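Data first, discussion second: the structure below is written as structure tokens.
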Amino acid sequence: MEDSMQYIAQAAKYLSIGICSLVMISVAKWVAQIWITIISSISRNPSVKNDVTLFAYIGAGMTEAIALYALVLAFMMLFS
């Protein structure tokens, strides 16, 4: 009985790590979407490059922070 509970706990840990990797994949998609939007808005109106670039870096940084939190959480679950 003890061994089966240990296997279930191990499986739940790896499932949680997989969910964290899905979060990181989703963040990569949204960072790409941010850059696609930046490029299209600068190509439509080049005079707003400085304003748009500032918000792009802030948005991409905040979005990447979510991925880093998920990565740290995955490492904490993996090595604990």
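Treat the numbers as computed from the prediction; the structure is a model and nothing was measured.
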If you look at every heavy atom in A70 and M24, which pair is closest and at what distance? CB-CG, 4.1 Å

How long is the straight-line distance from CG of L71 back to CD of E64, given to the nearest 0.5 Å? 10.5 Å

Report the distance from atom CH2 of W30 to atom OG1 of T37, rounding to the nearest 0.5 Å. 9.0 Å

Backbone of L22 reached by a side-chain donor or acceptor of S26 within 3.5 Å: no

How far apart are the closest heavy atoms of A74 and C20, and which atoms are they? CB-CB, 3.9 Å

In the hydrophobic clustering (ILVMFWY, side-chain contacts below 4.5 Å, transitive), which residues join V27, or is it alone? V23, V31, I34, W35, I38, I42, V48, V52, Y57, I66

Report the C-alpha distance between I17 and F75 in whole Å, list the side-chain angles of each, state the deciding distance to 0.1 Å, and finish with yes or no for side chain to side chain contact (heavy atoms under 4.5 Å, CB included). CA-CA 8 Å; I17 292 169; F75 281 146; over 6 Å; no

If you measure from CD1 on I36 to NZ on K29, what distance do you get to the nearest 0.5 Å? 8.5 Å

Hphob cluster co-occupancy, L73 + L78, side-chain heavy atoms under 4.5 angstrom: yes

For M77 and K13, work out which heavy atoms get closest and say how close. O-CD, 2.8 Å

